[in-house]
Amino acid sequence: MNSTLPTAEALRGALAGLLDGLPPKQAAQAVERLIASYRGTTPTGAPVLRDRSDVAAYAAYRMPATFEAVRSALAALRDAAPEWAPATHVDVGGGTGAATWAVAEAWEESAASTVLDWAEPALALGRELAEASGSPALRAATWQRARIGSALRIESADLVTVSYVLKELTPADRAALVAEAARAARAVVIVEPGTPDGYLRVIEARQQLIDAGLSVAAPCPHSGACPIAPGADWCHFSARVSRSSLHRQVKGGSLPYEDEKFSYVAVVREGADGPAAVPAANRVIRRPQIRKGMVLLELCAKPRELTRETVTKKHGDLYRAARDTDWGDAWPPPPPATA
């Protein structure tokens with residue numbers, strides 16, 4: 001591939017080459033087992049990915065969606081801290097490196113990334129995909145085997161990502177991992193499935209990170225308690241994932257896209273050596289409802305409250321902005337840059 005930017009298109013191209021020659025039945029069986037593990041509630045205590053066939057099926061089933069979810073979370077972090085770029089990055093439990101692809105795409109000056117995972121087949125295949133990407137940053141990434149849990153030690157890094165990992169750990173290992181990420185990083189981004197239990201894991205990690213002295217950059221407009229009543233609802237967002245014909249074949253679907261639901265938190269350690277982040281004034285936490293002459297926005301707002309804002313035609317430019325606003329966006333939108 002000639003591309004040097006690790007885009008979604010480059011990832012799909014690399015995956016197509018990866019799955020070439022893999023029997024569809026074998027891939028489908030591996031995907032079914034992985035789906036059961038992904039949707040389950042019991043920590044595995046062992047690597048989910050056992051061999052190359054598992055890894056190939058996993059990459060086809062999950063990697064594009066994980067990339068888009070992490071990409072969305074990183075975009076919110078960039079909006080909150082536009083002057084900051086990480087020089088170093090650790091992808092904890094990164095598997096085949098979807099979060100590392102997202103980091104390499106997010107910043108023009110790409111961070112030096114290290115991918116940690118306990119499954120050697122995933123790391124090996126991640127290296128192959130990185131090489132196929134054509135991206136110098138991905139090709140330079142370090143792929144290191146490590147057991148993800150209470151014994152993990154992370155070298156100091158500007159950014160630590162933990163995507164779709166906490167569910168696989170026991171509560172004690174989750175707490176230890178979050179504590180270690182808080183100790184080692186200037187910024188931490190945690191992404192989990194956009195399910196009620198995924199949201200609870202994010203909220204638990206969020207509080208632990210705040211208690212460790214970090215501040216929320218996104219999605220919340222504040223570092224206070226979440227205003228959503230426990231058990232009544234959950235905070236999550238959606239990322240549109242384009243699917244290749246090969247991806248549809250492996251997943252058994254027919255649509256050219258899917259919507260990946262995810263929950264996340266991005267926190268920063270502010271100070272002389274950390275990013276200065278300004279959270280959004282409000283965050284759109286549901287898909288906007290567009291009615292004739294009006295847009296209804298469900299917002300999480302300062303100082304820790306849920307509100308609804310109705311924007312009508314009489315609001316002029318703000319109404320036009322509301323019609324273009326999407327679920328997960330900051331509100332109101334930032335003013336256009338001036339020359």
Side-chain angles (χ1 to χ4, degrees), residues 6 8-19 22 24 26-41 43-44 46-74 91-103 105 115-119 121-130 132-133 143 148 161-169 189-195 197-198 201 236-244 246-253 255 257-264:
E9 292 75 16
L11 177 57
R12 287 197 297 273
L15 288 170
L18 167 69
L19 289 176
L22 182 66
Q26 184 179 2
Q29 290 174 342
V31 165
E32 288 178 2
R33 186 178 63 79
L34 290 167
I35 290 174
S37 173
Y38 174 70
R39 292 177 177 171
T41 58
T44 62
V48 175
L49 307 175
R50 301 175 302 191
D51 53 32
R52 184 180 174 85
S53 295
D54 276 0
V55 174
Y58 164 82
Y61 168 57
R62 286 300 311 159
M63 199 172 175
T66 300
F67 170 82
E68 292 292 356
V70 178
R71 183 190 197 186
S72 295
L74 294 178
D91 184 1
V92 177
T96 53
T100 295
W101 279 68
V103 168
E105 193 228 27
V115 183
L116 305 179
D117 201 271
W118 54 11
L123 295 169
L125 195 138
R127 291 188 196 99
E128 290 183 34
L129 289 171
S133 72
W143 304 78
I148 309 303
T161 55
V162 185
S163 57
Y164 296 88
V165 173
L166 298 184
K167 187 188 80 64
E168 299 180 11
L169 305 177
V189 175
I190 292 178
V191 182
E192 283 286 294
T195 59
D197 61 312
R201 288 189 294 272
H236 65 291
F237 303 94
S238 180
R240 178 61 53 92
V241 183
S242 297
R243 302 165 70 192
S244 68
L246 183 58
H247 188 199
R248 294 197 300 272
Q249 178 186 16
V250 171
K251 291 196 68 174
L255 293 175
Y257 66 87
E258 63 184 1
D259 290 322
E260 170 69 5
K261 305 297 195 305
F262 65 98
S263 294
Y264 79 96

Under the side chain to side chain contact (heavy atoms under 4.5 Å, CB included) test, which residues partner Ala239, sequence neighbours left out? Glu68, Ser72, Phe262
Just to verify, what does Ser238 make a side chain to side chain contact (heavy atoms under 4.5 Å, CB included) with, not counting sequence neighbours? Asp259, Lys261, Arg287, Trp327
Heavy-atom closest pair (Val189 atom, Ala73 atom, distance to 0.1 Å) is CG1-CB, 3.9 Å
Quick one: closest heavy-atom pair of Leu166 and Glu192, and the distance? N-OE2, 3.1 Å
Looking at every heavy atom in both Ala14 and Trp101, which two are closest together, and how far apart are they? CB-CH2, 4.3 Å
Give me the atom names and distance for the closest heavy-atom approach of Tyr164 to Ala69. OH-CB, 3.5 Å
Residue of the set Thr96, Asp91, Val165, Leu123 for which side-chain contact (heavy atoms from CB on, under 4.5 Å) holds with Asp117: Leu123
Separation of Leu129 CG from Thr100 OG1 (nearest 0.5 Å): 11.5 Å
Could you report the tightest heavy-atom contact between Gly93 and Ile148, atom names first, then the distance? N-CD1, 3.8 Å
Of the non-hydrogen atoms in Gly94 and Val115, which two are nearest, and what is the gap between them? CA-CG1, 3.8 Å
Once you round to the nearest 0.5 Å, how far does CD of Glu105 lie from OG of Ser133? 12.0 Å
Side chain proximity check, Val103 to Thr161, heavy atoms < 4.5 angstrom: yes
Who pairs with Ser263 by side chain to side chain contact (heavy atoms under 4.5 Å, CB included), at least two apart in sequence or on another chain? Tyr199, Val202, His236
Working to the nearest 0.5 Å, report the span between CZ of Arg240 and CD of Glu260. 12.5 Å
